[in-house]
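The model shown is predicted, which means the values in this text are computed figures rather than measured ones. Below, each value reflects all heavy atoms present in this structure, side chains not excepted, and no hydrogens, waters or symmetry copies.
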Amino acid sequence: MQHDFYWENQSLSEPTPHRFWVLLFLFLSLLACVSGALLVPGGLGLLVGYQELQAQNHETAILHFNRGLGFLAENYPELARTEFEIALKYDSNFEPARQKLNELMLNANSTSGTQEDRIASTLFNEARALIAQKEWGDAITRLEQLRTLKSDYRANQVADLLYQAYVGGGRAAVEAGQIELARGRFESALTIRRDPEVVRQRDLAVLYLEGQQAVGYNWQTAIKNFLALYQQDPNYDDVKRRLFEAYVNYADAAAKQNSPCLAERDYTNALNLFADAVVAQKRSQAALLCRQALVATPTPTVINLDAFTWKISVANDKPCTGTGSILGVMRDVQGRAMTGVTVGYYTDGIPLTTTKTNANGQYQFQLGKDAGIFHLLILNLDGKTPVSRVVDVHYPGGTNPGCYLVVDWQKVP
């Protein structure tokens, strides 16, 4: 019994060669499974991405192939050849394009300079007829094709026609409300010839687009651009309506920031453009609150430069979903809330913006999604003269952590 027990324990403590190979096999299997779990998804992702890219390239190749067939039908073999070559660049295995290209290459000897001139002449005449019909887009297409085919063909006349088509097309795009297209066409016209009126039309389009880009996150910039455009051309597309909406939204934001006087001003500006019962009611409420604030707010004491210290922190109690703010509290030497103190900020492209602390010494500026450095300061009674040093506040943007910044001020003896 003792002898058998000895050998039984020996078999457990000293692996046999057979057991060693079993353990090695299990270890290698486990390693293969882990490696597969890590590498296979990545490999599949790369494969799927490659297949999607190939599919997109094939679709683009078909698009250029069909354009080539269209040019062949219109008897423009040179333009067709260019499209077939582009199709093969996107998909080198696209046999229909290769077949058509080979057919054209076989007939290349018959395509002489005379035939190129004939095609160029046809394109030129078609473009001129399209301009007469004010078909600006088609005229631009023909003239750009002509330049691609034979850049030296009647170069000055082609440039004149193309300039006319770009300008006419830009104006037509403005009338259709396609301001981005209009800006691009005016820019193209200016590469051919500098004309003050075309520069002005381009600049009007830029004002509109920059105002449109600021809508929703920087109402001051939107107002600035739409107002400048409206003052130059009050009938430009829907600029009047855009300016009205910018005034109302900025006034709404001011009302939320306890700045009723500012809100009243911009509600009034909006009503000068359009009569609106809801906005009129908002203005009446803002005017009432403004008068109450002027009566209730004590006159702040004029203080010397460096009379405040400050502390910057971050409030993380709300998610950053596109908007943020700079807010804080103003306190006197004894730590009591200071009411009616003017706080302002400015930054690149945005003029000085101010608000006053409320009865609890609180102030707040609502900000948008764009990051930037905001220069914060306290102002005198006139709302212009600084009475504190400028504090540079780094705002990360309304979609990034830290979008709610707290700047608390403390008056010092």
Subject >> Where Leu146 and Ala120 come nearest, the two heavy atoms and their spacing >> reply: CD1-CB, 3.3 Å

**OP:** Go through the side-chain N and O atoms of Gln201 and Glu197 and say whether any donor and acceptor fall under 3.5 Å apart.
**Re:** yes

Original post:
Are Tyr267 and Ser284 close enough that some pair of their side-chain heavy atoms sits under 4.5 Å apart?
Top reply: no

**OP:** Check for a donor-acceptor pair, side chain of Thr354 on one end and backbone N or O of Thr342 on the other, with a separation under 3.5 Å.
**Re:** no

Original post:
Nearest heavy-atom pair of Val248 and Ala270: which atoms, and what distance?
Top reply: CG2-CB, 3.6 Å

**OP:** For atom CG of Asn156, decide whether the heavy atoms of other residues, nucleotides or ligands shown that lie under 6.0 angstrom number more than 12.
**Re:** no

Subject >> Heavy-atom side-chain proximity of Asn272 to Tyr247 below 4.5 angstrom >> reply: no

**OP:** Let me know which of Lys89, Glu83, Glu85 forms a side chain to side chain donor-acceptor pair (under 3.5 Å) with His64.
**Re:** Glu83

Original post:
Taking it one step at a time, do Arg265 and Asn269 satisfy side-chain contact (heavy atoms from CB on, under 4.5 Å)?
Top reply: CA-CA 6 Å; Arg265 182 198 70 184; Asn269 287 333; 4.1 Å; yes

Original post:
Do other residues, nucleotides or ligands put more than 12 heavy atoms under 6.0 Å from the CD atom of Glu180?
Top reply: yes

Subject >> Minimum side-chain heavy-atom gap Val406-Ser313 below 4.5 Å >> reply: yes

Subject >> Heavy-atom side-chain proximity of Tyr345 to Leu367 below 4.5 angstrom >> reply: yes

Original post:
Looking only at heavy atoms, what is the nearest atom pair of Ile140 and Ala165, with distance?
Top reply: CG1-CB, 3.6 Å

**OP:** Measure the spacing between OH of Tyr166 and OG of Ser188 and express it to the nearest 0.5 Å.
**Re:** 4.5 Å

**OP:** Examine the side chains of Tyr208 and Arg242 and answer whether a donor and an acceptor come within less than 3.5 Å of each other.
**Re:** yes

Original post:
Is Arg142 reaching over with its side chain to a backbone N or O of Phe124, donor-acceptor style, under 3.5 angstrom?
Top reply: no

Original post:
How far does CD1 of Ile223 sit from CG of Asp266, to the nearest 0.5 angstrom?
Top reply: 5.0 Å

**OP:** With the side chain counted from C-beta on, respond yes when Gln364 and Thr355 share a heavy-atom pair under 4.5 Å apart, and no when they do not.
**Re:** no

Subject >> Derivation of the side-chain contact (heavy atoms from CB on, under 4.5 Å) call for Ile119 and Tyr153 >> reply: CA-CA 11 Å; Ile119 296 172; Tyr153 181 86; over 6 Å; no

**OP:** Answer yes or no for Lys240 and Phe274: cation-pi contact, defined as NZ/CZ to six-membered ring centre under 6.0 Å and angle to ring axis within 45°.
**Re:** yes

**OP:** I would like to know whether Leu207 and Val239 meet side-chain contact (heavy atoms from CB on, under 4.5 Å); could you show each step before the answer?
**Re:** CA-CA 10 Å; Leu207 283 173; Val239 65; over 6 Å; no

Original post:
What closest approach, in Å, do Ala254 and Ala263 show between heavy atoms, and which atom pair accounts for it?
Top reply: CB-N, 3.9 Å

Subject >> Pair Phe84 and Phe65, ring centroids less than 6.0 Å apart >> reply: yes

Original post:
Have Asp252 and Asn249 got a donor and an acceptor in their side chains that come within less than 3.5 Å?
Top reply: no

**OP:** Report yes or no: is the cationic atom of Arg241 (NZ for Lys, CZ for Arg) closer than 6.0 Å to the six-membered ring centre of Phe244, at no more than 45° off its axis?
**Re:** yes

Subject >> Exam field: side chain Ser121 to backbone Asp117, donor-acceptor pair closer than 3.5 Å >> reply: no

**OP:** Search all heavy atoms of Asn358 against all heavy atoms of Asn360 and return the closest pair with its distance.
**Re:** OD1-N, 2.9 Å

Original post:
What distance separates Leu273 CG from Thr268 OG1, expressed to the nearest 0.5 Å?
Top reply: 11.5 Å

Subject >> Flag side-chain contact, heavy atom, 4.5 Å: Val174 against Phe186 >> reply: yes

**OP:** Would you check if Val199 and Arg202 make a side-chain contact, meaning some heavy-atom pair closer than 4.5 Å?
**Re:** yes

Original post:
Is there a donor-acceptor pair under 3.5 Å between the side chain of Tyr395 and the backbone N or O of Gly368?
Top reply: yes

Subject >> Phe94 atom CZ, neighbour heavy-atom count above 12 within 6.0 Å >> reply: yes

Subject >> Closest non-hydrogen atom pair between Tyr163 and Val198, with its separation >> reply: OH-CG2, 3.3 Å

Original post:
Are any non-hydrogen side-chain atoms of His394 and Leu405 less than 4.5 angstrom apart?
Top reply: no

Original post:
Under the side-chain contact (heavy atoms from CB on, under 4.5 Å) criterion, do Ile86 and Arg67 qualify, and how do the steps go?
Top reply: CA-CA 11 Å; Ile86 295 174; Arg67 287 179 181 174; over 6 Å; no

Could you give the side-chain donor-acceptor pairs of residues 323-333 under 3.5 Å, partners two or more places apart or in another chain?
residue, atom, partner, partner atom, Å
Arg331, NH1, Gly335, O, 3.3
Asp332, OD1, Gln334, N, 3.0
Asp332, OD1, Gly335, N, 2.9
Asp332, OD1, Arg336, N, 2.7
Asp332, OD2, Arg336, NE, 3.0
Asp332, OD2, Arg336, NH2, 3.3

